[in-house]
2 protein chains.
Amino acid sequence: MQNQIAAFLERVEQCESLVELNTVVAELRHIFQVDHVVYHSVNSQGDPYALATYGQDWAEYYECEELYRVDPVVLGAFQRFHPYNWKSLDWEKKPARRFFQEAQDGGVGNQGVSVPVRGPHGEFALFSISHTCSDEVWARFLDTHMPNLLLIGHYIHASIRALEFPEVDGNYIVLSPRETDALRLLGAGLNRGRAAERLKISEHTLRVYIESARSKLNASNTTHAVAKAMARGLISI
Amino acid sequence: MQNQIAAFLERVEQCESLVELNTVVAELRHIFQVDHVVYHSVNSQGDPYALATYGQDWAEYYECEELYRVDPVVLGAFQRFHPYNWKSLDWEKKPARRFFQEAQDGGVGNQGVSVPVRGPHGEFALFSISHTCSDEVWARFLDTHMPNLLLIGHYIHASIRALEFPEVDGNYIVLSPRETDALRLLGAGLNRGRAAERLKISEHTLRVYIESARSKLNASNTTHAVAKAMARGLISI
DNA sequence: ACCACACTCGCTATTTCCGGTGAGTTTACT
DNA sequence: AGTAAACTCACCGGAAATAGCGAGTGTGGT
């Protein structure tokens, strides 16, 4: 089994198109003997991408009704780090119960597990597996495969990133150390006065850095500059 | 070997204190037969945490001189997702070359690999392993252990989170749709007037959203709020 | 039925930021 | 050895954001 998974990861890594990736990922159903496998970006914008083995009816219904706003799996993803069993989520609320029923009818299955995947540039995606079985069988499955799921989710994400951004270094922007310092402190909530104090320079000098960073980043104001710098991975707060 | 690693992951998961975790992680040196193992949070705020087997001299020097500002390993981490070989970084610039030399003298080793780890709440950490050996030997090591390193980094992070925040749901932040809209537009460079126009609401109403988002995020100003929201994956520009 | 919260609107004073114009020293690449 | 870029400092007027006081509606959960 572990060999099968290692081979699968390698295949994912070597995919040369999203279509190919799609078919490779769908094969996981056979490897794990489960009903469905899903990878989709949760992020509101950027690269909306979904790759699912669900029936088209359910997928379309989910999309049209914007069920991600109600789906406990998605909502729970924001606060979790490790792969989590769907059973551990809060299904008590009325909309959640309704959603669960509809998902069942849509063929999703009564058991599921999801892996949150966070990338640079704020990408956020979910890799999930769902199945129909008893709690005991499912618990055993999770016990064996939690680490594998984490790996698979990350490898799929990495592959998609590689396919979508082949030339990462094409439009590189380099901020000087002082510019970086300035944006980092501003992003951390300091105003110009305090940031200048912290860097032991005059506020005027600090302003020069902000403005040069702003012009490099083609940003219209400080907030924009900080946001762009974060999105490009030039700073982190 | 894979059994050893599975056992290690389990031990990490069951650690009941940071001290214990520290010793457990240090044992990785023996499992992998490498010089050093490091886990440290890169984030400026939140929970500055470091766990390293480096000599104290180097660690203190690094800290005092703020070498993270120059360290290509840290700078490269911001835009990477997958574990990356230190050799793949840009060591051409003068400060980088100097840093490399100093790190060598500090006993870090000439080879290394790092795993970026991103959590909810905007945590960002690096798990790294360094060693002294030839490129060929190192390449073989990476070939075998890349997936393991990813797992280990994530499990350590999860363990630290569990120890530091036993009550995960205490400090979770949810922005309302309008608050999200507001921060996204501000992060995209619009000023309040234009953002309000875009959302077809009065500027005053927009201001209310900004302030409620600011208070939820515990941010001192708009820039801070946008930065925090981005770091947490609540918005993306 | 009530409470909490999301959504919508307005005014004023104070603080902070933006844009434009300067100049001088040191460091680094070619 | 020359050029480019980073780093440091200063002034001023106008634009924008923050802080402080408000009020009213609609929805969802206990």
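So that the names make sense, note that chain A is the first sequence line, chain B the second, and so on, each numbered from 1. Computation of the quantities below employed the complete heavy-atom set of this structure, encompassing side-chain atoms and omitting hydrogens, waters and symmetry-equivalent molecules.
Scanning atom types as modelled, one donor and one acceptor separated by under 3.5 angstrom connect the side chain of B:R207 and the base of D:dG20.
Of all nucleotides in DNA chain C having an atom under 4.0 Å from a heavy atom of chain B, the first and last in 5' to 3' order are C:dA6 to C:dC29.
Of the N and O atoms on the side chains of A:E179 and A:S212, at least one donor lies less than 3.5 Å from an acceptor on the other residue. A donor-acceptor contact closer than 3.5 angstrom is absent between the side chains of B:D181 and B:Y209. Under 3.5 Å, the side chains of A:Q111 and A:N85 contain no donor-acceptor pair of N or O atoms. No hydrogens or angles considered: nothing links the side chains of B:D35 and B:S130 as a donor-acceptor pair under 3.5 Å.
Listed pair B:T222 / D:dA17 fails the phosphate criterion, with no side-chain N or O lying under 4.0 Å from OP1 or OP2.
Within the structure, side chain to side chain donor-acceptor pair (under 3.5 Å) contacts touching residues 96-110 of chain B (residues at least two apart or in different chains) are B:Y61-B:E102, B:R98-B:E102, B:Q101-B:D105.
For A:P177, taking side-chain heavy atoms from C-beta onward, the closest of the listed nucleotides D:dT8, D:dA19, D:dA6 is D:dA6. Among the nucleotides D:dT8, D:dC11, D:dA6, the one closest to the side chain of A:K216 is D:dA6.
Closest-nucleotide positions on DNA chain D for B:N191 and A:E203 were compared, and the one nearer the 5' end corresponds to A:E203.
With rounding to whole Å, A:H204 atom NE2 is found 14 Å from D:dG13 atom P.
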